[in-house]
Undergrad: 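First the structure, then my questions, so here it is.
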Amino acid sequence: MHVALYERIWMWAAAVLVVIFLGTIFVTAGVHAIEPPGHLETIDPTAIHEHPEFGTPAIRTLSDGSVVVPVVSGMFAFSPDPIEVPANTRVTFRLTSEDVIHGFQIVGTNANAMAIPGYVTQFTMTFARPGEYTIVCNEYCGLMHHSMVGKLIVK
Ligand code: CUA
């Protein structure tokens, strides 16, 4: 079968691009050990209120100066709310849900994770810019999903 020269060039170019794109994904996933932010540890969602960390979620500062923020998501609020953290400090969010799957997105940043009942989702980030940020739930979780917002204050 005869394939025109230009046709062949474009076919090879497309094939090379596919290899480059897939290679980029596998190399970065391998080199940086990328993993989803969730499913690191499990928790009994029916006993959250007796849980030592999530029963009364309190922001705590570790000896290295970084801050840990446990957050319980439930219909239709985040707890604690507002969340107050210092700027230019490593902040580790630890999310879980007491009922259904919720989202946890800090608007204007790249913080975006799911709060899944039975699991603790964890991610760490640093806020360079002090101010007030809105936290929204971006997983449909029920009738009042649209009103599930929280506030993050970076000082
Ligand atoms: Cu919680 Cu939508």
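All ligand and atom numbering here is 1-based and tracks the order in the structure.
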Undergrad: Under 2.8 Å from atom 1 (Cu) of ligand 1, how many protein N/O/S atoms can be counted?
TA: 4
Undergrad: So among I116, V72, V120, V71, which one has a side-chain contact (heavy atoms from CB on, under 4.5 Å) with L95?
TA: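 Answer to the side-chain contact (heavy atoms from CB on, under 4.5 Å) test with L95 among I116, V72, V120, V71: V71.
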Undergrad: Using ring-ring contact (aromatic ring centres under 6.0 Å, His included) as the criterion, list what pairs up with F93, not counting sequence neighbours.
TA: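 With neighbours one apart ignored, the set is F104, F123.
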Undergrad: Sequence neighbours excluded, which residues qualify as salt bridge (Lys or Arg N to Asp or Glu O under 4.0 Å) partners of E132?
TA: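 Scan of E132 (salt bridge (Lys or Arg N to Asp or Glu O under 4.0 Å), adjacent residues dropped) gives K151.
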Undergrad: How would you list, by chain and number, every residue that makes a ring-ring contact (aromatic ring centres under 6.0 Å, His included) with F76, sequence neighbours excluded?
TA: none
Undergrad: Measuring from S97:OG to F54:CZ, what's the distance to the nearest 0.5 Å?
TA: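 Going from OG on S97 over to CZ on F54, the span is 11.0 Å.
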Undergrad: Can a donor-acceptor pair be found, under 3.5 Å and without considering hydrogens, that links the side chain of H102 to the backbone of E139?
TA: no
